[in-house]
There are 4 protein chains.
Amino acid sequence: MKKTLSYGMVGGSLTAFIGGVHRVGVDFDGRAFLKAGCFSQNEAKNKECAEFYQVDDERTYKNFHEMAEKEGSREDGIDFVTITAPNDVHYEAAKAFLENGIHVLCEKPLCFEIGQAEELKKIAEEKNLLFCVNYSYSGNAMVKEARELITSGYIGDVINVNAEYLQEYLVDDIGAGDQVMVKLSSWRKDPAVAGISNCVGDIGTHIENTVSYMTGLKLKRVAAKLDYWGQPLDLNANILVEFENGAHGVFCSSQVCVGHMNGLVVRIFGTKGAIEWVQENPNILYVTLKGQPTQIYNRGMGYVTERTAEVSRIPSGHPEGLYVAFANIYRVWISSILKLKNGEELSGYDYDFPSIDDGIEGVKFIQACVKSSKNDAVWTEV
Amino acid sequence: MKKTLSYGMVGGSLTAFIGGVHRVGVDFDGRAFLKAGCFSQNEAKNKECAEFYQVDDERTYKNFHEMAEKEGSREDGIDFVTITAPNDVHYEAAKAFLENGIHVLCEKPLCFEIGQAEELKKIAEEKNLLFCVNYSYSGNAMVKEARELITSGYIGDVINVNAEYLQEYLVDDIGAGDQVMVKLSSWRKDPAVAGISNCVGDIGTHIENTVSYMTGLKLKRVAAKLDYWGQPLDLNANILVEFENGAHGVFCSSQVCVGHMNGLVVRIFGTKGAIEWVQENPNILYVTLKGQPTQIYNRGMGYVTERTAEVSRIPSGHPEGLYVAFANIYRVWISSILKLKNGEELSGYDYDFPSIDDGIEGVKFIQACVKSSKNDAVWTEV
Amino acid sequence: MKKTLSYGMVGGSLTAFIGGVHRVGVDFDGRAFLKAGCFSQNEAKNKECAEFYQVDDERTYKNFHEMAEKEGSREDGIDFVTITAPNDVHYEAAKAFLENGIHVLCEKPLCFEIGQAEELKKIAEEKNLLFCVNYSYSGNAMVKEARELITSGYIGDVINVNAEYLQEYLVDDIGAGDQVMVKLSSWRKDPAVAGISNCVGDIGTHIENTVSYMTGLKLKRVAAKLDYWGQPLDLNANILVEFENGAHGVFCSSQVCVGHMNGLVVRIFGTKGAIEWVQENPNILYVTLKGQPTQIYNRGMGYVTERTAEVSRIPSGHPEGLYVAFANIYRVWISSILKLKNGEELSGYDYDFPSIDDGIEGVKFIQACVKSSKNDAVWTEV
Amino acid sequence: MKKTLSYGMVGGSLTAFIGGVHRVGVDFDGRAFLKAGCFSQNEAKNKECAEFYQVDDERTYKNFHEMAEKEGSREDGIDFVTITAPNDVHYEAAKAFLENGIHVLCEKPLCFEIGQAEELKKIAEEKNLLFCVNYSYSGNAMVKEARELITSGYIGDVINVNAEYLQEYLVDDIGAGDQVMVKLSSWRKDPAVAGISNCVGDIGTHIENTVSYMTGLKLKRVAAKLDYWGQPLDLNANILVEFENGAHGVFCSSQVCVGHMNGLVVRIFGTKGAIEWVQENPNILYVTLKGQPTQIYNRGMGYVTERTAEVSRIPSGHPEGLYVAFANIYRVWISSILKLKNGEELSGYDYDFPSIDDGIEGVKFIQACVKSSKNDAVWTEV
């Protein structure tokens, strides 16, 4: 029986913040080992990263096409690949690995076109490969608690949603054109690399996914007003939303809101109760039943649902942070690949990682927001 | 020199919550005394209230028309009237007192039609009478601090606004028609008495006023989605807003958001900083400058602006609440009437009470929201 | 039947912060009217205050002895007196009014010597007069909620207490002798006027009273370390406490803790649950049952106890602050005097104001702390 | 040049919570690999853990004596050992590895007797070996920020300290003897295994260390009241403290405070400012300067000190939790051992891990508290 996996990375050189988070996330449970990579277009950086992680020279690749082919044909080839390169690489890289029989975990946003997204889905299905789009916040134990409570009817029917993701770090870009030292990586401002949206594409899509994960609801349409202030891509977005069940709400996504670091806050209101989650203090969930006091749920306590207890790693009051959210996604991801490799069937929580369908919803959401805003915030189907 | 005033009330019987707050608000500074009233249409209630407050029988009136005329012609007649009766009475009552030379402080919303509002303004101007529309939250010291900081440019140009007023107390009205015991006073559900909106008219208008007071900005247009769930008037509203300076934002107003009691929260984002005020803990203001830590301003400390220090009554850390907000409005209101009576000119902070122009803006806002929502949230000029 | 009272004040000139709070507190319910006073030793200030409040010249007194005698012998003499003069006046003034048959509400600390305190109690009892020592925080609705919950056994037996009252405003007095402009009124630093303690006497005593009121428990002994830093009276105190039921805890009282304005925080831990109250946000109570999520109780909601609902004045989410705490004490106080005057018996909540016994406990507590600290924090009986 | 290390573990089988945290902490930076272990006295558990982590059979040991000897004599022997076995093992195990030339990282409390602690220190010094006692909270970036600010004089001289570590999980042990299913591991209640204190030894010692780390101050004496409620070891402790610089304060340590999960809160008050850190939300630091608003420092922002920026791993607003605190200790620990192995000198932050001197202070603190409490809380030198 196969007990461990090997994996590779596209992107994620030593200086890339998110690459390191992925590697640590994998390492938490000690069931997968980094054996191949194409960490950077820059040869020196690529090599440096490979050496640091003791990846063999012959498995350190200059481009992902070569990597996908060679790893796909090795007997000891990687079982899955993590793609953390800039957005414009996602589609082609994912496709290459899928075609070579390798499971794919890809950063969000999945790709630029819905047709591409659906093509990836089709290949994965045909080849019986798993595909994860890394909406990492869904890995938090208390996001899962929210999902368990809401989808089991604990707060009744969802009637209103108020969610936001606010950051301040691009405020100097307002009206600055290219004249100031801005904090945004240059690739993020280039539509050819980043895609059609910056703010909605980078963080607004997390709002959409987290709400969808928590509630099980799909968006029907959006009325979005994006602010550009002279930049090629959006820095701020205020969005009216309508869900398939008729509920309304707002999503606010911004990189120019001073005082907010990484402020993803989701509030779901139902006919019987409400739930609030604040990403910056993620081990807490605010749960209120109609007419009752708000309750502060703590991860790790006896009253949380079975699922939350199961994914929780350390006792209540010991903060689990971003790395653990990644680790939780990887735990399911790796365990499910192992099951497949060992001929087991997947079911239930084996699929509790953000799927390619989530990725497709994300692409649709970004496109609808940009289109709506171009039409002065007219309602636009997602 | 006149040192004290006498005043009367229309509405505000002993069982009416807000009438009592007005009386206490007036009493804080001991400069005006209740001498006349038409407290209720119900004769027993009217009399009971008059007796409790030792208002003379002959100055306890059955209707406001009689009251306005008689008080207007007495030598010792009331100097101002406070109108706290249901919304449909505001216009006619205000008009009657103005026409009899009596200053008017009226609860919000001012009236139902913009034409009525402008008529009241015209009469007040012609007769050199003051008119206050009681947007009470503007009486809070830290709301004034926000106004001082923002209008002096402390946070730069306003670029985004996120404000909400959430309550839970009508959640049982969803889909209930008249079948459940609901907590809303019956008059508030009757469009003939309450006007064209419940949720936006009762609390949404406070968002509009508080933001306008803090920033000095006027709304240009709104795209509003109101939810009715089978009720004659709205229970929930999600509103995209655009200000005259081009800034966007959202206003969320709801009486069905479980977990929220009286949650007016205003966040103003500028190019240099941001300010947040939370009504339920009103002695605090969160002030952040770009790239700096958020600062928790406390009313009563040495670092607040001169104006805030001036209106503050008790030391820092001793909570001033809703009654003090009312008292602060009445302090300016009474002092300014005294100045007029004593032949002094008014200037600057003598006008620091919510004016009839604020009331007119409120009426326009309510009408624009309802109209926008009827047209599926199309942008509508305010 | 007597429906209203008249009262007088000793101390409380226009510039004295706490005098104004008393007057407003009385006015909230419109059942007592200021008719006499000896507001200041300073003749001009005394007169100015009397004029402002329209107190007759003949009832504006130069000293409290004259006031007590004359008011005691007038047919329309005051029913009660509020004593807010500096601490050294309390005993003599209270005695004078009691001896002239006038009910007494006195600021804390009651007096300097336990013998004096007991003498006052004896006179009050003999003359069937009510005596209130103004521990104002007990007037807060959510402090009463805590009391109702704890004394009814909701959190089980009290096993540990952690309470503090922290302020920052005297931090510049550390090591400064009289060399800096300090913020403490000069009388507060003079042991002859303030008594043997500043920090414990002014604010530490509120900790003792609030804990005692919430729990019904009496202190048995204290081990206190007071810090003086060269000042004649204490600025800081850390106190181990032991209650009569054997529970331990700490009381921390300080006027040199930067970042704290008026930070009275009381946490009571029991075998089944715990309760926390934070004075600066007084409409909230944190209630936790063993193994359950912490619940955020809001004043004004349906789930609070009957008593709390009864004393609550405005809906949930509308902040009641310091003035309301005073008003709540005066409401019971005035209502109970009216009952006595009308020949009714008092019972139950008619006594729900801080009594002379509370005042006596306060004096004992202050003395025990100072004595313990002089003996290097040895346990000292209260 | 040596670039990576190998290490071993004593204790830390798969079911032991803290063992897993250590392994993940080491893995964060990929510079040390688990190569040997004596994970459990239970042979099956020992083997299971070794297999899971792919530790060779020949390096999976039945007892730590054998492990220390064999690893000490192998050419590829482990460079350091992590000791996470129950408290009674610490001294002997640490001694064995030191004597065999292996660097030691040991869980707190270091050992039972001060003599033992000093012996370990002597051996380590003689053999030029590093010794870390795992006070893990010192690994948090914002604890380091507090240290940087305080030791550089930012808040002036420390004048008062208020710190607590509150948990609820043993509340059912009160008065229960052995009659209830308690949550405390049985070894923790056995003085022979746990040492002379449970609550002070397990968590109180973290208060002492965190305060000492942040301030650089040493305790002079304590007056402690421990509560046992019929248990062999303490469940609750209220402690007056005096520091060498004359400052006073309180430390409150409890495992019976309902509503608190893992509530380490440290507040340091100085003549110029104050700092507060709350372990359950560790990425935040509250910093207040005298007369100024409290500032909410966020890890990862540009205004933090150079040291904090250096140890920070992910951007502001992305929560770093307990695992990162461990990882930060291991990063310095591993890097310093590598420096030594490569013949480099250590200096400055190379020593920024909790040392054996910290461990010795901890043992002294525990002993002083227990002794003081036995003498009814008399002041006892640390």
Side-chain angles (χ1 to χ4, degrees), chain A residues 155-157 159-162 164 166 168-169 171-172 174-175 183 221 223-227 229 235-242 246-252 254 256-261 267-276 286-295 373 376-379, chain B residues 155-157 159-162 164 166 168-169 171-172 174-175 183 221 223-227 229 235-242 246-252 254 256-261 267-276 286-295 373 376-379:
Chain A
I155 64 166
D157 296 328
I159 52 169
N160 198 49
V161 172
N162 190 300
E164 68 187 33
L166 306 183
E168 91 163 49
Y169 83 119
V171 65
D172 280 336
I174 292 178
K183 290 176 186 159
R221 54 181 192 158
K225 193 71 200 170
L226 277 55
D227 292 306
W229 291 297
L235 296 170
N236 191 55
N238 289 290
I239 308 166
L240 285 185
V241 297
E242 186 172 292
H248 294 112
V250 295
F251 288 178
C252 297
S254 180
V256 298
C257 282
V258 169
H260 295 264
M261 310 299 101
R267 296 183 290 176
I268 310 291
F269 299 100
T271 49
K272 293 190 200 161
I275 274 182
E276 175 174 350
Y286 299 93
V287 180
T288 319
L289 288 179
K290 196 170 64 179
Q292 296 302 316
T294 292
Q295 298 185 84
S373 190
D376 198 18
V378 74
W379 282 114
Chain B
I155 65 166
D157 297 326
I159 52 169
N160 197 48
V161 172
N162 190 300
E164 68 187 33
L166 307 184
E168 91 162 50
Y169 82 119
V171 64
D172 280 336
I174 292 177
K183 290 176 186 158
R221 53 181 193 158
K225 193 73 200 172
L226 277 54
D227 292 306
W229 291 297
L235 296 170
N236 190 56
N238 289 291
I239 308 165
L240 286 185
V241 297
E242 185 172 293
H248 293 111
V250 295
F251 289 179
C252 298
S254 180
V256 298
C257 282
V258 169
H260 294 264
M261 309 298 102
R267 295 184 289 176
I268 310 291
F269 299 100
T271 48
K272 291 190 200 162
I275 274 182
E276 175 174 352
Y286 300 93
V287 180
T288 319
L289 289 179
K290 198 172 62 180
Q292 296 302 315
T294 291
Q295 297 186 83
S373 189
D376 198 18
V378 73
W379 282 113

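In the text below, chain A, chain B and the rest are named by the order of the sequence lines, each starting its count at 1.
- Highest contact tally toward chain A, considering only B/E242, B/E276, B/H260, is held by B/H260 [criterion: heavy-atom pairs under 4.5 Å].
- Heavy atoms closer than 4.5 Å to chain B are found in the backbone of A/L289, but not in its side chain.
- Taken to the nearest 0.5 Å, the OG1 atom of B/T294 stands 6.0 Å off from the CE atom of A/M261.
- Within the 4.5 angstrom heavy-atom criterion, no atom of B/D157 approaches chain A.
- For A/C257, the parts sitting under 4.5 Å from any heavy atom of chain B are the backbone and the side chain alike.
- Remark: the backbone N or O of B/G291 is paired with a side-chain donor or acceptor of A/E168 at under 3.5 angstrom.
- With a threshold of 4.5 angstrom between heavy atoms, B/V171 approaches chain A through side-chain atoms but not through N, CA, C or O.
- Of the residues considered (B/G270, B/G249, B/A237), B/G249 shows the highest number of contacts with chain A, using heavy-atom pairs under 4.5 Å.
- The CD atom of B/E164 lies 5.5 Å from the CG atom of A/N162; values are rounded to the nearest 0.5 Å.
- Atom-to-atom distance recorded for A/L226:CG and B/H248:NE2 is 10.0 Å, nearest 0.5 angstrom.
- The shortest heavy-atom contact between A/A377 and B/L240 is CB-CD1, 4.2 Å.
- Atoms CG and CG, on A/L166 and B/N160 in that order, are 8.0 Å from each other to the nearest 0.5 Å.
- Note that CZ of A/R221 is 4.0 Å distant from CG of B/D376, once rounded to the nearest 0.5 Å.
- Put simply, the side chain of B/I159 does not reach to within 4.5 Å of the side chain of A/D227, judged on heavy atoms.
- In terms of heavy atoms, A/V250 sits closest to B/C252 at CG2-SG, 3.5 Å.
- In plain terms, the two heavy atoms of B/F269 and A/V258 that are nearest each other are CE2-O, 3.6 Å.
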